[in-house]
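Just passing along the structure, written as structure tokens.
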Amino acid sequence: MKRNKGWVGLLLEHVLGASAGSRPEPDFPELGIELKTLPISSQGKILETTFVSVAPLKGLTGINWQNSWVKKKLKRVLWVPIISDKNIPLAQRQVASAFIWSPTVAEEQLLAMDWQELTDMIVLGEVENIQGKHGQVLQLRPKAANSQAKTQAFNCDGKPFMTLPRGFYLKTYFTQMLLNKHLRIS
DNA sequence: TCCTGATCATAA
DNA sequence: TTATGATCAGGA
């Protein structure tokens with residue numbers, strides 16, 4: 001797994017017939033549903049943050065929460081929890097009960113607030129001051145092959161410069177809430 | 001111990 | 001290079 005991190009996700013997409021590829025679209029375009037695996041422990045505890053999408057560092061003119069990539073991706077999600085304790089061999093890991101989810105008003109509020117705060121900082125040219133600890137449910141973290149990768153962004157003077165690509169992640173606190181809610185009603 | 005920042009594989 | 005899929009691992 002150290003060298004095949006996204007393998008489980010790719011397997012699920014293949015088995016369930018999702019449109020493969022690296023397009024910035026939902027896994028099931030006709031249904032508008034995004035497929036995401038959710039690594040949990042055997043106790044039902046979320047083990048990792050969940051990658052949502054890359055963060056646009058340029059071309060932000062006119063975008064808001066309503067038309068953001070994050071909102072579109074999270075409109076409908078098929079969560080597939082996988083028991084992924086690190087002492088369990090990959091071949092013996094089990095898929096827990098999957099569930100379809102859409103944000104409630106309260107949940108979307110949380111997401112929108114964090115998204116707005118992070119996006120504001122990007123627009124203001126403070127990308128490099130953003131750390132993973134920002135936000136309650138969303139965080140902005142490096143999303144690259146390594147720390148040497150670069151993408152274009154704009155600083156506070158509106159001038160372009162190269163910086164580390166970032167991506168939006170859902171914090172474990174948020175995905176844990178979703179999982180707990182699902183467990184209660186099932 | 002856990003979270004943040006870093007890293008790995010692959011396609012186009 | 002940018003996008004997809006994520007997990008790893010060291011420092012706080």
Side-chain angles (χ1 to χ4, degrees), chain A residues 1-29 32-60 63 68-70 72-74 77-96 98 114 117-118 121-122 126-154 160-179:
Chain A
M1 216 16 134
K2 184 181 290 185
R3 301 180 61 82
N4 287 281
K5 298 180 179 180
W7 191 84
V8 174
L10 295 175
L11 174 66
L12 264 294
E13 288 187 347
H14 177 74
V15 170
L16 297 179
S19 317
S22 59
R23 296 166 305 161
E25 299 172 12
D27 296 304
F28 301 97
I33 292 177
E34 174 76 11
L35 171 67
K36 293 214 164 299
T37 56
L38 208 52
I40 63 175
S41 72
S42 54
Q43 317 303 317
K45 184 180 179 184
I46 302 293
L47 295 177
E48 291 286 349
T49 52
T50 304
F51 171 70
V52 179
S53 77
V54 295
L57 300 181
K58 55 180 180 176
L60 285 158
I63 80 161
S68 68
W69 295 3
V70 175
K72 287 176 184 170
K73 283 230 167 199
L74 297 180
V77 180
L78 174 64
W79 297 104
V80 184
I82 310 239
I83 314 291
S84 303
D85 292 84
K86 293 183 179 178
N87 56 9
I88 301 177
L90 183 60
Q92 292 175 26
R93 292 187 179 178
Q94 297 179 26
V95 177
D114 285 346
E117 180 184 340
L118 293 168
M121 291 188 71
I122 295 173
E126 299 180 46
V127 182
E128 300 193 310
N129 296 325
I130 301 179
Q131 296 175 297
K133 63 184 177 186
H134 278 267
Q136 298 298 304
V137 297
L138 270 182
Q139 59 183 176
L140 201 66
R141 304 228 307 271
K143 174 55 173 149
N146 54 63
S147 59
Q148 309 307 312
K150 291 289 185 292
T151 192
Q152 192 178 57
F154 294 94
F161 70 103
M162 300 305 280
T163 189
L164 193 59
R166 314 299 166 103
F168 284 108
Y169 291 76
L170 289 176
K171 303 190 76 167
T172 56
Y173 164 76
F174 188 75
T175 42
Q176 184 74 65
M177 287 200 322
L178 303 184
L179 187 63

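Throughout, protein chains are lettered first and strands after them, A, B, ... in sequence-line order, and every chain is numbered starting at 1. Worth saying up front: this structure is predicted, and the values here are computed from it rather than measured.
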Proximity to DNA chain C (any heavy atom under 4.0 Å), residues of residues 4-12 of chain A only: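 Within residues 4-12 of chain A, the residues near DNA chain C are A:Lys5, A:Gly6, A:Gly9.
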Toward the 5' end of DNA chain C, which comes first, A:Lys86 or A:Ser53, by nearest nucleotide?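 Here A:Ser53 is the residue nearer the 5' end.
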Tell me: CZ of A:Arg166 to C1' of B:dT7, nearest whole Å?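 Spelled out: CZ on A:Arg166 to C1' on B:dT7 is 15 Å.
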Can you tell which of C:dG5, C:dA3, B:dT7 lies closest to the side chain of A:Glu34?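 Looking only at side-chain atoms, A:Glu34 lies closest to C:dG5.
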In terms of side-chain heavy atoms of A:Glu48, which of C:dT4, C:dC8, B:dG5 is nearest?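 Of C:dT4, C:dC8, B:dG5, C:dC8 is nearest to the side chain of A:Glu48.
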B:dC3 base / A:Gln139 side chain donor-acceptor hit below 3.5 Å: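 In this structure, the two groups form no donor-acceptor pair.
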Is there a side-chain polar atom (N or O) of A:Lys36 under 4.0 Å from OP1 or OP2 of C:dG5?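 Yes.
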Any side-chain heavy-atom pair of A:Leu179 and A:Ile40 under 4.5 Å: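 The answer is yes; the side chains approach within 4.5 Å.
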Would you mind telling me which residue lines up with the more 5' stretch of DNA chain B, A:His134 or A:Asn146, judged by nearest nucleotide?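 Here A:His134 is the residue nearer the 5' end.
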When you measure only distances, ignoring hydrogens and angles, does the side chain of A:Lys143 come within 3.5 Å of the base of C:dG5 through a donor and an acceptor?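 Pair found.
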Of A:Leu140 and A:Lys45, whose nearest nucleotide on DNA chain B comes first from the 5' end?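 It is A:Lys45, whose closest nucleotide lies nearer the 5' terminus.
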As a test of reading the structure: which of C:dT2, C:dA6, C:dG5 is closest to the side chain of A:Thr151, going by heavy atoms?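 Between C:dT2, C:dA6, C:dG5, the one nearest the side chain of A:Thr151 would be C:dT2.
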Without decimals, in angstroms, what is the distance between A:Leu170 CG and B:dT4 P?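 A:Leu170 atom CG is separated from B:dT4 atom P by 14 Å.
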